[in-house]
Q: 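First the structure, which I've put down as structure tokens, then a few questions once you've had a look.
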Amino acid sequence: MENQSFVVALENDQSFSTSDALTWVPTEALKSRISRYHGYITSERAKRVHFTQPFLYVDELIVSSSKHKKIKDKNDFSGKSITYQTGTSFEENLIGLQAKVEQLSIKSTELELSHEAYIDKISKGEFEFGVIDSNLLKSINSYRNDIKTLYTLKKSQPIAWAVRKNNPFLLKSINKFLLRYQLTMTKDATYTGDWKQIRQKKVLRLITRNSPETYFMWRGELMGFEYELVKKIAQDNNLHLEVVVAPTHSELTDYLLQGKGDLIAAGLSVTDERQYFEEVEYSKPYSYVDELIVSHKDSPTLSRLEDLAGRTIVVRKSSAFWEHLQQLRKQGVRFELVAADESLTTEMLIEKVAIEEIDLTVADSHLISIEQNFRTKIIAPLTLKNEMPWGWLTRKNNPLLREKNNQFIKKEYRGLFYNVTKSKFFKNKKRLKKYTANRLTDLTKLSPYDHISKPLSKQYYFDWRLITAQMYQESRFNPKAKSFAGAMGLMQVLPRTADSLGFDKLTQPEQGLHAGVKYLHWVRERFDAKLPVQERLWMTLAAY
């Protein structure tokens, strides 16, 4: 348990928070109510306390000094001695091993030793053999190499917290927290390997930003010019495509260098002035755009670049536009250049021009072709730069991935797939209007029904994103959907099932969604709560 980290706070609203520290630390309000056991659920402990649902499964390992000879099977422990830490729960399984092995001696340490002191005694040979859990061994191996595993005493031992038996509300609240935590925690996915590692992991990670040019969600489906191109690379190589959205444009390169993704595809113009350029490299150009000055249609006329004198242009410092505008000022055109907040997209800056909150901005011709379909008050009267190439960015030490990208671009550029994809997002006006009308621009939203799914998910102890995913799978967010079997509504519930749960208007979003979540909860309760959280969830979804 010492290798798992949780800091829990129970306030009036029973909300919780977690951290990345390495020890379970109860708040002052909880110290008298939560027991700090080593973590294992044992029959003896269960007589005195209530255990939460398991939050971790570990193996009990018999270890020794790294100099010790190998153990082939349990009988090699005959005539040997195993020492375990006082206060831990290894004794029960050691007694079971002792019954199977002749002349095996087991004993506890005379004093309550820290893990470090215990490991020191094993490495020095003062204890012939010891017992620790696999999670602790993983931590130990990160900084010392004088301990090795000889034998697995017990596999997949559940670790949990314990509360007094007269605290059922506390137990329920902690289980609620653990359920949410385990369903939303992710593995550390930071690595910087080249194409070989990508193929081994079978995942290609795209770093991008939410934008109508690059990547967005439309009626529950992911799409966008950059997204579709990189998705094709992934499909051609039997890889799963994972999308990582950077919080701001300026953090795109940071994410790449930190190993949070494999390539950046975010409508980036090829320029030598980008930060960290000595550590990243562009692919071959895959598209060309004009950089256009954007103004309000009622603002003073702009016929030539010299007319920008006295005007104010707002762009992000991290954009190529900033660099090109600085070059224009050096040529003698006297306008005011203002740095926009890095969290603002070019699309947001265009909107500020449309409502006359700012004077001018700059956008590429692809985005203007989209925005002018629904913004009637903006115009693009001047071209700042012609035919600027777009490229994908990879780390310089990933030449094989970069070569794969270049091969793809060479093969597909201006071919059938490329042209159809480009037309889909930048030229087909009917389709552009359809996407624009239903595209999610709020990055915190997943569906039109988040305001319903979030409180329902909290009420029934589900993660709201899971409910949203299930809703999309069932109905594509269509509240009037009906299956050939008669299932109806957002969650495709049969009328007789809904009736038994107290709902009779399934085509109403509130009722259809509530009926589905309530039924999903009912199904989950049919499975043993002692099952690992993930397994119980998969079985629940399968049964649904």
Side-chain angles (χ1 to χ4, degrees), residues 13-16 50-55 158 160 168-186 217-222 438 440 444-544:
D13 64 351
Q14 291 82 50
S15 63
F16 300 89
H50 277 314
F51 280 101
T52 65
Q53 63 185 32
F55 60 82
F169 176 74
L170 177 62
L171 179 67
K172 184 177 181 181
S173 297
I174 294 174
N175 277 336
K176 177 181 177 181
F177 160 71
L178 290 174
L179 178 63
R180 287 182 178 174
Y181 176 78
Q182 291 186 75
L183 293 180
T184 56
M185 67 179 181
T186 57
M217 182 179 286
W218 180 79
R219 291 187 177 178
E221 292 189 30
L222 299 178
N438 295 281
L440 284 180
T444 64
K445 291 182 65 177
L446 289 180
S447 81
Y449 305 105
D450 289 355
H451 64 290
I452 305 174
S453 64
K454 285 183 177 181
L456 282 174
S457 299
K458 185 175 181 180
Q459 179 182 346
Y460 290 100
Y461 304 159
F462 285 107
D463 185 276
W464 71 276
R465 289 161 293 192
L466 170 73
I467 297 302
T468 302
Q470 186 71 8
M471 186 188 352
Y472 170 73
Q473 188 64 34
E474 296 292 342
S475 67
R476 295 298 193 271
F477 302 140
N478 179 7
K480 296 183 179 181
K482 184 175 181 179
S483 76
F484 70 91
M488 301 173 65
L490 288 170
M491 294 289 277
Q492 291 293 280
V493 179
L494 289 167
R496 63 176 180 273
T497 302
D499 186 62
S500 69
L501 297 170
F503 303 96
D504 59 2
K505 296 185 173 102
L506 289 173
T507 57
Q508 292 184 0
E510 292 80 3
Q511 285 209 25
L513 188 49
H514 195 167
V517 176
K518 189 172 182 179
Y519 179 62
L520 197 63
H521 171 70
W522 181 87
V523 172
R524 183 177 59 192
E525 293 304 299
R526 308 280 75 76
F527 295 105
D528 192 338
K530 294 179 182 178
L531 284 169
V533 172
Q534 300 285 1
E535 290 184 17
R536 191 181 182 204
L537 175 63
W538 305 148
M539 294 174 73
T540 299
L541 292 173
Y544 185 94

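One is the number of the first residue; the rest follow in order along the sequence. All values derive from a computational prediction rather than experimental measurement.
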Q: Can you tell me if Ser447 and Asp450 form a side-chain donor-acceptor pair at under 3.5 Å?
A: yes
Q: For Met488 and Pro495, which heavy atoms make the closest approach, and how far apart are they?
A: SD-CG, 3.9 Å
Q: By side chain to side chain contact (heavy atoms under 4.5 Å, CB included), which residues pair with Pro509, not counting sequence neighbours?
A: Tyr449, Ile452, Pro479, Leu490
Q: Which value, rounded to the nearest 0.5 Å, describes the distance between Ile174 atom CD1 and Phe51 atom CZ?
A: 12.5 Å
Q: Looking only at heavy atoms, what is the nearest atom pair of Met471 and Ser453, with distance?
A: CE-CB, 4.5 Å
Q: Starting at CG of Leu466, measure out to CH2 of Trp464 and round the result to the nearest 0.5 Å.
A: 11.5 Å
Q: Can you tell me how far CZ of Arg536 sits from CH2 of Trp538, rounded to the nearest 0.5 angstrom?
A: 14.0 Å
Q: Report yes if some heavy atom in the side chain of Val493 is under 4.5 Å from a heavy atom in the side chain of Tyr544; otherwise report no.
A: yes
Q: What residues form a side chain to side chain contact (heavy atoms under 4.5 Å, CB included) with Ala543, not counting sequence neighbours?
A: Val523, Phe527
Q: Near Arg496 CZ, under 6.0 Å, is it more than 12 heavy atoms from other residues, nucleotides or ligands?
A: no
Q: Tell me, please, whether Phe462 has Arg524 positioned over its six-membered ring: NZ or CZ under 6.0 Å from the ring centre and within 45 degrees of its axis?
A: yes
Q: Going by side-chain hydrogen bond (donor to acceptor under 3.5 Å, both in side chains), name the residues that satisfy it together with Gln470, two or more places apart in sequence or in a different chain.
A: Glu474
Q: For a quick test of reading the model, state the closest non-hydrogen atom pair linking Leu506 to Ala498 and the distance between them.
A: CD2-CB, 3.6 Å
Q: Please identify each residue that fulfils side-chain hydrogen bond (donor to acceptor under 3.5 Å, both in side chains) with His451, with sequence neighbours left out.
A: none
Q: Roughly how far, to the nearest 0.5 Å, is the CZ atom of Arg526 from the OG1 atom of Thr540?
A: 10.5 Å
Q: Report the distance from atom CE of Met491 to atom CD of Gln473, rounding to the nearest 0.5 Å.
A: 11.0 Å
Q: Can you pull out every side chain to side chain donor-acceptor pair (under 3.5 Å) where at least one residue sits in residues 499-519? Sequence neighbours excluded, please.
A: Tyr460-His514
Q: Working to the nearest 0.5 angstrom, can you tell me the gap between Leu456 CG and Leu520 CG?
A: 11.5 Å
